[in-house]
**Student:** 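Can you read through this structure? Questions will come right after.
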Protein chains: 2
Amino acid sequence: MTTIYDVARQAGVSVATVSRVLNGEAHVAPETRQKVLHVVQQLGYRRNGLARGLATRATRLLAFLVPDISNPYFPEVARGVEDAANAAGYHVILCNTDDRARKEQEYLEALLDRRIDGAVIIPVAEGSRVPKLLKGTGLPAVLLDRDIDPELDTVMADNVAGARQAMRHLLGLGHRRIAAITGPTRSSTARERLEGYRQALAEHEIPFDPDLVVEGDFRRPSGYQGMLRLLDLPQPPTAVFAANDMMALGALHAAEERGVRVPEDLAVVGFDDIALAEATRPKLTTVAQPKYEMGRLGVELLLQRIPEGGRRGQGRRPQRLVLESRLVVRQSSLIVRSQLAPEPVPAANGKGV
Amino acid sequence: MTTIYDVARQAGVSVATVSRVLNGEAHVAPETRQKVLHVVQQLGYRRNGLARGLATRATRLLAFLVPDISNPYFPEVARGVEDAANAAGYHVILCNTDDRARKEQEYLEALLDRRIDGAVIIPVAEGSRVPKLLKGTGLPAVLLDRDIDPELDTVMADNVAGARQAMRHLLGLGHRRIAAITGPTRSSTARERLEGYRQALAEHEIPFDPDLVVEGDFRRPSGYQGMLRLLDLPQPPTAVFAANDMMALGALHAAEERGVRVPEDLAVVGFDDIALAEATRPKLTTVAQPKYEMGRLGVELLLQRIPEGGRRGQGRRPQRLVLESRLVVRQSSLIVRSQLAPEPVPAANGKGV
DNA sequence: GGTTTATGACGACCATTTATGATGTGGCCC
DNA sequence: GGGCCACATCATAAATGGTCGTCATAAACC
């Protein structure tokens, strides 16, 4: 590999001058600059990021940890993260933690060793050691989507309100037996969406029925399994609220297999609004999250915590950003008697279907 | 940040000894080892990967460049890459090139600057500058899925044979007007699958009809658009072969919207066998690729090219691995008169549906 | 007494950045 | 015209945090 010394020698200048040219600093005569650039080109020189990082104490590298890249929800967030990071001159390392605390920790340690400048993290649902690691090392970081530590910057969607909206929609259609397929209860996201479910039932003075709630893991097969169990109930639900779209897809699949028509026999509502929600057989009614925005904002917050010159937001208090989510009504929940109202809907009388 | 010197001082040993302990070398007394490890723990010391990489000339970091993470095909390959890399003590940086040559080049340059040890690359379909960059820099690399340069290690599926299998299946069912939704013709994968399509037609002495071939971009919307165009033909096809599953999903969507029943009025076959293929309304018949295996083998080949001690496979000739693909028959192609035969099927007489 | 083992001390090296200081040039003032 | 100063331009050398090899030393073992 050619080094900065090779370039300096070839160009007849000192390494300091080459460095100045490469870093776009002032105080270099135009001819010298040209000469250096020409040699750089000619030798195909690329500066060594390791040595650079060592000297500058910055790598211009961020990490984005996600629990499951095969869930299309995350790539959309990732795009927001990437665009914002690139715009600020950073690159992003994407790491898949498989929703396992062990893997999450290993990755974070490897990244720490490599001296990344910061991390955006969607923590694993259960037993994340991220808060401890972050506090121990002082690595600038922002958490996304899941709320696991009040002392860390966090960007999330308004899950309670989103779930409530979805439920009010179903309730407004006249449904009274509404099931829920939740995420793992260790996940704050899952808990909040369940809370929205309960609140909406309470508003309508419908008793909470534990039999109508099954726990999934945010993956499609668990939605499928959960729906089968719900359909096997002596008195099956007329509507189901799934805590994310992938599980809603699984639920649609189960219904179809059992010959249960959606939305005629069963209304289905999801959460996230992934691109596929528009591609299902009856298009999926779902609660849309500002995914791209969430990624973008996460990086914005993160950059404020990275010194870079005048240690600005260093001691800033932890921020919590809660982004609005909004219901997107499609075909999987049929509108029968009342139109969807954005605000609480008075309880309808009969059953919707 | 604490350095190795801090540890050495605190433990009352030399930096050499600390280094020996950390690198698991022999010739360290158990008590000394314990003492050092204890201080490391206590100080929360993490060695500096930058300094380390600089000294050892290795980062134990690989990159995996993919054109589109939102296509579920790629995460499955990624898992194979990641598992194989981790098993060998490497970490993987995942980069999304958006199928744009510009972004691909920028990423590769940034990775080169950071002195990654090697790269697994699914090159962009059009105008990739990867071969030139690789040859210029000597970075160990393996190409996946797309065949763009005979001088570089490449792992791919047998696209021609896969497409032929899919077509023979449709032909065996009696279909004679079979359309194709191809990928971008600049992509070798797309060209090869189209070649399989043509070969199978030729076997059955069916003339190639350009009107029945539309070009997509491997994304779902293009499959949707393409299918609409095919259905608008004066004499629409009775079957369609999509060059990947995402476009097949789009095709299913278009058919459903036009009231065309699948498989009764239209048989649909895809390519890839992504997880979603089992979750569509009529389950999708498709050609399965060994995705995980492709990723795993790519890394295996790559590791052979990374010196690490005794520059083994350095001058080895470029390898080409072609993995078998196999047809998975599901509901979207109805089997009517003949069962699927694994080998060439004699042309049937009547029409299948 | 010779060999093996555990460790320290030392220094070269990895490829940069950057503070500091040297050099040269020109302008300005007297 | 000479001396002085400011300033642009560039070189030198010291970090940055490790690895690794050589050599020395001391103790233990045979």
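Convention: sequence-line order gives letters A, B, ...; per-chain numbering from 1. Owing to the predicted nature of the structure, the values given are computational and were not obtained by experimental measurement.
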**Student:** Checking A:D117 side chain against A:R60 main chain: does a donor-acceptor pair fall under 3.5 Å?
**Tutor:** yes
**Student:** By the definition side-chain contact (heavy atoms from CB on, under 4.5 Å), identify the one residue from B:R219, B:E126, B:E104 that meets it with B:D99.
**Tutor:** B:R219
**Student:** So, do B:F74 and A:I69 sit near enough that their side-chain heavy atoms are less than 4.5 Å apart?
**Tutor:** no
**Student:** Between A:E293 and A:R296, is the closest basic N to carboxylate O distance under 4.0 Å?
**Tutor:** yes
**Student:** Can you name the residues that form a ring-ring contact (aromatic ring centres under 6.0 Å, His included) with B:Y45, not counting sequence neighbours?
**Tutor:** none
**Student:** Can you tell whether the side chains of B:K103 and B:E106 come within less than 4.0 Å, N to carboxylate O?
**Tutor:** no
**Student:** What's the angle between the local helix axes at either end of the helix from C:dG1-D:dC30 to C:dC30-D:dG1, using five pairs per end and rounding to 10 degrees?
**Tutor:** 40°
**Student:** Output one line per pair: protein atom, nucleotide atom from nucleotides 7-15 of chain C, and distance, for all N/O pairs under 3.5 Å.
**Tutor:**
{"from": "C:dT7", "atom 1": "OP1", "to": "B:T32", "atom 2": "OG1", "distance (Å)": "2.0"}
{"from": "C:dT7", "atom 1": "OP2", "to": "B:A29", "atom 2": "N", "distance (Å)": "2.1"}
{"from": "C:dG8", "atom 1": "OP2", "to": "B:S14", "atom 2": "N", "distance (Å)": "3.2"}
{"from": "C:dG8", "atom 1": "OP2", "to": "B:S14", "atom 2": "OG", "distance (Å)": "3.3"}
{"from": "C:dG8", "atom 1": "OP2", "to": "B:T17", "atom 2": "OG1", "distance (Å)": "2.1"}
{"from": "C:dG8", "atom 1": "N7", "to": "B:R20", "atom 2": "NH2", "distance (Å)": "3.4"}
{"from": "C:dA15", "atom 1": "OP1", "to": "B:R57", "atom 2": "NH2", "distance (Å)": "3.2"}

**Student:** Side chains of B:E109 and B:Q105: any donor to acceptor distance under 3.5 Å?
**Tutor:** yes
**Student:** Can you tell which of A:R52, A:R114, A:R115 makes a side-chain contact (heavy atoms from CB on, under 4.5 Å) with A:T59?
**Tutor:** A:R115
**Student:** Could you write out each protein N or O paired with an N or O of nucleotides 24-26 of chain D at a distance under 3.5 Å?
**Tutor:**
none

**Student:** Got a sec? Which of residues 34-44 of chain B come in under 4.0 Å of DNA chain C, heavy atoms?
**Tutor:** none
**Student:** Could you walk me through whether A:L111 and A:L65 satisfy the side-chain contact (heavy atoms from CB on, under 4.5 Å) test, starting with their C-alpha distance in whole Å, then the side-chain angles of each, then the deciding distance to 0.1 Å, before giving a yes or no?
**Tutor:** CA-CA 11 Å; A:L111 293 164; A:L65 272 64; 3.7 Å; yes
**Student:** Write down the distance between CZ (B:R9) and P (D:dG17), rounded to a whole number of angstrom.
**Tutor:** 12 Å
**Student:** Compare all side-chain heavy atoms of A:R146 with those of A:P67 and state whether any distance is below 4.5 angstrom.
**Tutor:** yes
**Student:** Would you mind listing every ring-ring contact (aromatic ring centres under 6.0 Å, His included) that reaches into residues 100-136 of chain B, with sequence neighbours excluded?
**Tutor:** A:H91-B:Y107
**Student:** State whether B:E31 and B:K35 are salt-bridged, where the test is any N-O pair (Lys NZ or Arg NE/NH1/NH2 against Asp/Glu carboxylate O) under 4.0 Å.
**Tutor:** no
**Student:** Indicate, with a heavy-atom threshold strictly under 4.0 Å, whether A:S19 touches base, sugar-phosphate, or nothing.
**Tutor:** base
**Student:** So, the side chain of B:R305 versus the backbone of B:R316: is there a donor-acceptor pair under 3.5 Å, distance only?
**Tutor:** yes
